[in-house]
Amino acid sequence: MENFVQYTPTRVVFGRGTENKTGELVKMYGGSRVFIVYGGGSAVKSGLIDRIKESLRREGIEFDEQGGTKPNPVLTHAEEGVRRAEDFGADFILGVGGGSAIDTAKAIAHGCANPYSKLWDIWTKKVPLEKSLPVGAVLTIAAAGSEMSDSAVLTNEALGIKAGINTEFNRCKFAVMNPELLFTLPKYQLAAGITDIMMHTMERYFIPDIKCDLTDEIAEGLLRTVIKNGRAVMAQEDNYDAMAEIMWCSSLSHNNLTECGRGKDFSVHKFGHALSAKYDYTHGATLSAVWGSWAEYLYMDALPRFSQFARRVYGVKTPDDRKAAKEGIERTVAFFREIGMPTSIIELGCAPTEKELKELAMAATKQDTLKLTRIRPVGAKEAEEIFRRAVAAAPSV
Ligand code: NZQ
Ligand code: ZN
């Protein structure tokens, strides 16, 4: 087991009706002027924004708002939020929605606390981030895990780059999680969320040669829970108990619990971010489109991890490690198909040319400066080959 620090300071307030506690929670963390950030309208339509405002009014908290955050949120929208939140004199930023709204809220918090720095300079760590405003979240989709993560992701439209920043200032003070708020999710978003949750766990699992029994058990249990309850919510979206499991898994898969003693990889995310930056696809769908090819390409270099995964997550019985590993990959790809997720780039929606494959690989590897995967170093050339294999079909297993 490697050395690690585990610090998850977010207060989770979970269950039915918890959104009505938002005002109390903001007050608890010293907020008196709240800037609310939300998406394209689902939270308005469901009446959630009104309930949150009512809860803020009850505590005498002033608020202003900015809707219109789009999935794969963009830098310019966050910059506009910074200007508006500054004009309002916000002392607390509240993200209502999923990763896109919450990440934009985090960006606005960083921008407001550092008015003399450009947001992208903060994002790319040209300027060190030493302070921020407090952020809270009311979650409406189980997916990105932003509600408890130390991460936030934005797309710089001008540069065509989608990039994340990891910092303790990204930790939400609180996360309000009412599974009932997820009942209105479109099936595709629900499935993309389930995929992302699995991916956040798997991106910390396929790292060879480090023994971490408890971390393994947590990750494997989390994956079994997501697969079982994922099927249940895909069949019946108002299944409260199953949705509650999925929602809790989303937070635990990305609050670092599943990386204690081993760390993380996140190479599949690099592939996914390259696809989203170029084509604006849904985050979770970019991951399922590539994962099978990524796993097929690399599994022989981490056979004990892949065979353990197959046996413990899917109950694969064969004593042959190679066969077991392949079956684990096959079962995972089949699950993505079952819930309606793409398992190739064509299914995702495009057929990149050879030139575009090169561009995608260069984006994923930061112009070949970054070696991907902790299984073995993968540069731009090999990344291109993984993208190429992912184009047409899921791996033959
Ligand atoms: O915009 P609205 O109208 O709210 O619609 C959203 C959006 O179209 C809809 N939706 C959300 N809750 C709903 C709902 N529709 C009906 N009922 C509800 N209850 O779902 C769509 C997707 O929303 P979004 O916030 O984009 O989803 P998600 O949570 O998957 O976030 C994706 C973003 O988070 C980033 C991704 O890259 C992507 O930009 N990530 C952030 C991470 C983090 N901060 O730790 C880690 C992740 O790996 C990920 O990279
Ligand atoms: Zn993700």
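Both ligands and their constituent atoms are indexed starting at 1 by order of listing.
Proximity of a side-chain donor or acceptor of Q66 to a complementary backbone N or O of H77 within less than 3.5 Å is detected. No side-chain donor-acceptor contact under 3.5 Å links K211 to the backbone of D213.
Contact atoms of ligand 1 toward H254: 45 (O), 46 (C) (distance under 4.0 Å to a heavy atom of the residue). Less than 4.0 angstrom separates some heavy atom of A152 from each of these atoms of ligand 1: 44 (N). Atoms of ligand 1 lying under 4.0 Å from any heavy atom of P186, numbered from 1 in the order shown and given with element: 15 (N), 16 (C). Interface atoms of ligand 1 facing N72, defined by a heavy-atom separation under 4.0 Å, are 38 (C), 39 (O). Each of the atoms 29 (O), 30 (O) of ligand 1 lies under 4.0 Å from some heavy atom of A143. Each of the following atoms of ligand 1 lies closer than 4.0 Å to a heavy atom of P73: 39 (O). Near Q189, meaning under 4.0 Å from any of its heavy atoms, are these atoms of ligand 1: 20 (O), 21 (C), 22 (C). Applying the 4.0 Å criterion to heavy atoms of G39 picks out, from ligand 1, the atoms 1 (O).
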Side chains of residues 247-254: which donor-acceptor partners sit under 3.5 Å, not counting sequence neighbours?
unit_1, atom_1, unit_2, atom_2, d
S250, OG, E147, OE2, 2.9
S250, OG, M247, O, 3.3
S251, OG, E147, OE2, 2.7
S253, OG, C249, O, 3.3
S253, OG, S250, O, 3.0
H254, ND1, R204, NH1, 3.1
H254, ND1, R204, NH2, 3.1

Check: residues 106-116 side-chain donor-acceptor pairs under 3.5 Å, at least two apart:
unit_1, atom_1, unit_2, atom_2, d
K106, NZ, S146, O, 2.9
K106, NZ, S146, OG, 3.0
K106, NZ, S149, O, 3.4
K106, NZ, S151, O, 2.8
K106, NZ, N170, O, 3.1
H110, ND1, K106, O, 3.3
H110, ND1, S132, OG, 2.7
H110, NE2, N170, OD1, 2.7
N114, ND2, H110, O, 2.8
N114, ND2, K131, O, 2.9

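Across the listed options T184, D103, L185, L185 owns the non-hydrogen atom lying nearest to atom 13 (C) of ligand 1. Of all the listed residues (S149, A285, A144, A192), A144 holds the heavy atom that lies closest to atom 40 (N) of ligand 1. Of the listed options S146, S151, S100, S100 places a heavy atom closest to atom 24 (P) of ligand 1.
Residue A101 places no N or O, backbone or side chain, under 3.5 Å from any N or O of ligand 1. Considering backbone and side-chain atoms together, L182 places no N or O closer than 3.5 Å to any N or O of ligand 1. Of the polar atoms of L181, at least one N or O is found under 3.5 Å from an N or O of ligand 1, judged by distance alone.
A salt bridge links E65 with K53; the closest basic N to acidic carboxylate O contact falls under 4.0 Å. With respect to R83 and E79, no salt bridge is recorded, no charged nitrogen being found less than 4.0 Å from a carboxylate O. A salt bridge does not link D50 to R57: none of the charged side-chain nitrogens sits closer than 4.0 Å to a carboxylate oxygen. Contact check on E384 versus K358 returns a salt bridge, with a Lys/Arg side-chain nitrogen under 4.0 Å from an Asp/Glu carboxylate oxygen. The residues K381 and E385 are annotated as not salt-bridged, no charged nitrogen and carboxylate oxygen being separated by less than 4.0 angstrom. Between E180 and R51 there is no salt bridge, since none of the side-chain N atoms of the basic residue sits less than 4.0 Å from a carboxylate O of the acidic one.
Using cut-offs of 30° and 60° for the angle between ring planes, the F206 and F309 rings count as perpendicular. Between W120 and W123, the ring-plane angle classifies as parallel under the 30° and 60° cut-offs.
Contacts with ligand 1 closer than 4.0 Å are made by side-chain heavy atoms of H269 only, the backbone lying farther away.
With respect to atom 12 (N) of ligand 1, the closest heavy atom belonging to the protein is T140 OG1, 2.8 Å. In terms of protein heavy atoms, atom 49 (C) of ligand 1 is closest to H283 NE2, 3.4 Å. Scanning the protein heavy atoms around atom 27 (O) of ligand 1, the nearest turns out to be I141 CD1, 3.8 Å. Looking from atom 7 (C) of ligand 1 to the surrounding protein, the closest heavy atom is P71 CG, 3.8 Å. Of the protein's heavy atoms, S42 OG, 3.9 Å lies nearest to atom 5 (O) of ligand 1. Nearest to atom 28 (P) of ligand 1 among the protein's heavy atoms is G99 N, 3.5 Å. Among all non-hydrogen protein atoms, the one lying nearest atom 1 (O) of ligand 1 is G40 N, 2.6 Å.
If you look at F92 and F174, their ring centroids are closer than 6.0 Å.
Note on ligand 1: K162 sits in its first shell, one or more heavy atoms being nearer than 4.0 Å. At least one heavy atom of H273 sits closer than 4.0 Å to an atom of ligand 1. At least one heavy atom of H200 lies less than 4.0 angstrom from ligand 1. Distances shorter than 4.0 angstrom occur between a heavy atom of G41 and an atom of ligand 1.
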Step by step, work out the side-chain hydrogen bond (donor to acceptor under 3.5 Å, both in side chains) result for E157 and T76. CA-CA 8 Å; E157 321 94 289; T76 49; 2.4 Å; yes

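The set of protein atoms (N, O or S) found at less than 2.8 Å from the Zn ion (ligand 2) reads D196 OD1, H200 NE2, H269 NE2, H283 NE2, by chain and number.
Remark: E245 engages no residue in a side-chain hydrogen bond (donor to acceptor under 3.5 Å, both in side chains) (not counting sequence neighbours).
In summary, the side chains of S276 and H283 do not present any donor paired with an acceptor at a separation below 3.5 Å, with no hydrogens or angles considered. The closest side-chain donor-acceptor pair between W291 and T332, if any, does not fall under 3.5 angstrom. Side-chain contact annotation: R171 with Y7, donor-acceptor N/O pair under 3.5 Å absent.
None of M198, R331, M202, E220 except one satisfies the side chain to side chain contact (heavy atoms under 4.5 Å, CB included) rule with V313; the exception is E220.
Distances from atom 38 (C) of ligand 1 to the protein include at least one heavy-atom value under 4.0 Å.
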